[in-house]
Amino acid sequence: MENSDIPAENMSLDSDDTIPSRRKMLALGVIGVSAALTIRPAFAQTAVSVMNCQIPVPGPTGAGQYIDPKGNLVPAGTKGAFPGFPRPFTGEEVKRAFRGQTLPGTQYNQSQAYLQYIRRLQAGQSGFTCFASIQMPR
């Protein structure tokens with residue numbers, strides 16, 4: 001930037017650029033606005049993806065097994081255990097269930113067993129990323 005581009009009142013005597021010009025301030029403002037406009041839709045997209053993500057109960061590695069009241073996988077037919085649910089639950093359904101509702105299509109005890117299973121999910125298991133995103137504060 002040439003000195004002729006900087007208004008006289010913004011030029012410093014020793015030209016060390018300690019006082020920013022109006023042009024520099026406007027440029028910084030434009031950068032800040034564009035960053036805010038870029039980040040805000042990303043948060044909205046994240047919120048939507050959390051509501052639509054899916055958690056299978058049980059995941060593919062536990063197919064055919066039942067879930068006991070503590071959320072553990074047990075052999076099919078175990079007394080007091082529940083068969084896996086035929087479809088994955090959405091993040092929104094699980095979030096509501098953690099707030100006191102039952103998971104759709106389940107009775108109270110079955111819902112609680114499934115929620116225990118979901119709480120026990122670990123990294124690498126199907127549905128873990130969805131569960132982790134539900135737990136994130138907004």
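Any value given below was found using the heavy atoms of this structure, including those in side chains, with hydrogens, waters and symmetry copies removed.
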Roughly how far, to the nearest 0.5 Å, is the CD atom of Q110 from the CG atom of L115? 10.5 Å

Quick one: sort the Y114 and F89 rings into parallel, tilted or perpendicular, breaks at 30° and 60°. tilted

Looking only at heavy atoms, the pair that brings P88 and Q54 closest together is CG-OE1, 3.6 Å

Hydrophobic clusters here meaning ILVMFWY residues chained together by side-chain heavy-atom distances under 4.5 Å, can you tell me if I118 and Y66 are in one? no

Would you call I67 and F85 a side-chain contact if the rule is heavy atoms closer than 4.5 Å? no

So which heavy atom on Q125 is nearest to which on Q122, and how close? OE1-N, 2.6 Å

With rounding to the nearest 0.5 Å, note down the distance linking NZ in K70 to CD in Q112. 15.0 Å

What distance separates T90 OG1 from R96 CZ, expressed to the nearest 0.5 Å? 6.5 Å

Identify the heavy atoms of P56 and Y117 that sit nearest to each other, and give their distance. O-CE2, 3.8 Å

Quiz: residues 72-80 side-chain donor-acceptor pairs under 3.5 angstrom, not counting sequence neighbours:
| unit_1 | atom_1 | unit_2 | atom_2 | d |
| --- | --- | --- | --- | --- |
| N72 | OD1 | R120 | NH1 | 3.1 |
| T78 | OG1 | P75 | O | 2.6 |

So which heavy atom on S126 is nearest to which on G59, and how close? CB-CA, 4.4 Å

In Å and rounded to the nearest 0.5 Å, what is the CZ to CZ distance from R119 to F98? 4.5 Å

Of the non-hydrogen atoms in G91 and C130, which two are nearest, and what is the gap between them? CA-SG, 3.9 Å

Quick check against the 3.5 Å criterion: does S111 have a side-chain atom that pairs as donor or acceptor with the backbone of L103? yes

Can you tell me how far apart CD (E93) and CD1 (I55) are? Round to the nearest 0.5 Å. 9.5 Å

